[in-house]
Amino acid sequence: MGTAEVVAGLLREHGRTYAEEAGITLRDKPAPLYRLLVLTVLCSARIRADTATAAARELFAAGLRTPRAMAGSTWRLRVEVLGRGHYVRYDESTATALGEGAQLLLDRFHGDLRELRDRAGDDTGALRELLREFPRIGPVGADIFCREVQAVWPRLRPFFDERSLAAAAGLGLPHTASGLADLVAPGELARLAAALVRAGLSGHAAAAA
């Protein structure tokens, strides 16, 4: 199977971004960017991705779609909503992290993650460090956010983290960001990154190696 066929199959079978799975229509606007941050916090715990996306949908359905709404909600409400999404092992600590993170975003960046991006400039490392100042978000969480947000932040492209690059290598694809960027249109990079991570988690990449 040639490279083009492998990539087409990846996008067809696994090319749904995690933001899409969580019901986020990602745009370069404060509210959808914040919802991606919420999803990132949820994915940063040792928990299944489908549980994290389900919990995100529950939070958004409960009206917790902006930093102001999240910061203004009670801890008990956040715990209850996370429970409805079956996010139960880390519900209490995550409820705390979401409330504190929302307040931090309001205090430091006026509720707008574009201000965080602009503060980092074109330095991806600086962007990742700023993201890691939010409770619960570590290196993996920063990678998740960057992988997804490149769909609407072009100057971050191409962004592929260690997990996506390892999956690419297992599939016999280029395993550098620049090499992978040559395989799809710029607007498809976030989908390709998500597809590689999903393929790696499903064992497809290992099976192909």
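Counting from 1, the numbers follow the sequence of the chain as shown.
Across all their heavy atoms, Gln150 and Ala193 have their closest contact at NE2-CB, 4.0 Å. In terms of heavy atoms, Leu165 sits closest to Leu180 at CD2-CD1, 3.8 Å. Contact record, Pro135 with Val41: O-CG2, 4.1 Å, taken as the closest heavy-atom pair. Across Ala69 and Gly63, no two heavy atoms sit closer than the pair CB-O, 3.5 Å. Of all heavy-atom pairs between Arg132 and Pro139, the closest is CZ-CG, 3.6 Å. The shortest non-hydrogen separation linking Arg35 to Arg65 is NH1-O, 3.3 Å.
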Could you walk me through whether Leu173 and Leu196 satisfy the side chain to side chain contact (heavy atoms under 4.5 Å, CB included) test, starting with their C-alpha distance in whole Å, then the side-chain angles of each, then the deciding distance to 0.1 Å, before giving a yes or no? CA-CA 10 Å; Leu173 296 174; Leu196 287 166; 4.2 Å; yes

Assess whether side chain to side chain contact (heavy atoms under 4.5 Å, CB included) is satisfied between Glu58 and Tyr87, documenting all intermediate values. CA-CA 10 Å; Glu58 289 291 344; Tyr87 196 97; over 6 Å; no

Working for side chain to side chain contact (heavy atoms under 4.5 Å, CB included), residues Asp122 and Leu156: CA-CA 7 Å; Asp122 293 327; Leu156 191 58; over 6 Å; no

Report the C-alpha distance between Asp28 and Arg117 in whole Å, list the side-chain angles of each, state the deciding distance to 0.1 Å, and finish with yes or no for salt bridge (Lys or Arg N to Asp or Glu O under 4.0 Å). CA-CA 11 Å; Asp28 190 22; Arg117 175 197 63 197; 3.1 Å; yes

Apply side chain to side chain contact (heavy atoms under 4.5 Å, CB included) to the pair Asp143 and Phe159, showing each step before the final yes or no. CA-CA 9 Å; Asp143 285 345; Phe159 187 92; 3.5 Å; yes

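Using modelled atom types, no side-chain atom of Arg78 and backbone atom of Thr96 make a donor-acceptor pair closer than 3.5 Å. Glu115 places no side-chain N or O within 3.5 Å of a backbone atom of Asp112 that could act as its donor or acceptor partner. Of the possible polar contacts, one joining the Arg191 side chain to the Leu11 backbone as a donor-acceptor pair under 3.5 Å is found. No side-chain donor-acceptor contact under 3.5 Å links Glu21 to the backbone of Thr53. Of the possible donor and acceptor atoms, one in the side chain of Trp75 sits under 3.5 Å from a partner among the backbone N and O of Glu92. At least one donor-acceptor pair under 3.5 Å links the side chain of Arg198 to the backbone N or O of Arg16. No donor-acceptor pair closer than 3.5 Å links the side chain of Glu188 to the backbone N or O of Ala185.
Atom CZ of Arg114 has more than 12 heavy atoms from other residues, nucleotides or ligands within 6.0 Å. Atom CZ of Arg48 has 12 or fewer neighbouring heavy atoms from other residues, nucleotides or ligands inside a 6.0 Å radius.
Side-chain contact between Thr74 and Leu77: present, with at least one pair of heavy atoms (C-beta onward) separated by less than 4.5 Å. With a 4.5 Å cut-off on side-chain heavy atoms, Phe160 and His175 do not count as touching. With a 4.5 Å cut-off on side-chain heavy atoms, Leu42 and Leu82 count as touching.
Exactly one residue among Thr40, Val197, Asp161, Leu131 makes a side-chain contact (heavy atoms from CB on, under 4.5 Å) with Ile144. That residue is Thr40.
No hydrogens or angles considered: a donor-acceptor pair under 3.5 Å links the side chains of Arg136 and Thr94.
With rounding to the nearest 0.5 angstrom, the CG atom of Asp50 is 9.5 Å from the OH atom of Tyr18. How far CZ of Phe109 is from CZ of Arg119: 4.5 Å, rounded to the nearest 0.5 Å. Put simply, CE on Met70 and CD on Gln103 are 12.5 Å apart, with the number rounded to the nearest 0.5 Å. Note that the CD atom of Glu148 and the CG atom of Leu37 stand 12.5 Å from one another [nearest 0.5 Å]. Taking CD of Glu5 as the start and CZ of Arg12 as the end, the distance is 10.0 Å to the nearest 0.5 Å. In this structure, OH on Tyr34 lies 8.0 Å from CZ on Phe60, to the nearest 0.5 angstrom.
At a threshold of 4.5 Å between side-chain heavy atoms, the hydrophobic network of Ile, Leu, Val, Met, Phe, Trp and Tyr places Phe134 and Val140 in two separate groups. No continuous path of ILVMFWY side-chain contacts below 4.5 Å connects Leu59 to Leu106, so the two sit in separate hydrophobic clusters. Taking hydrophobic clusters as Ile, Leu, Val, Met, Phe, Trp and Tyr residues chained together by side-chain heavy-atom distances below 4.5 Å, Leu39 shares a cluster with Leu201. Ile47 and Val79 fall into different hydrophobic clusters, where Ile, Leu, Val, Met, Phe, Trp and Tyr are joined by side-chain heavy atoms under 4.5 Å apart, directly or via other members.
Between Asp91 and Arg84, none of the side-chain N atoms (NZ, or NE/NH1/NH2) sits under 4.0 Å from a carboxylate O, so this pair counts as no salt bridge.
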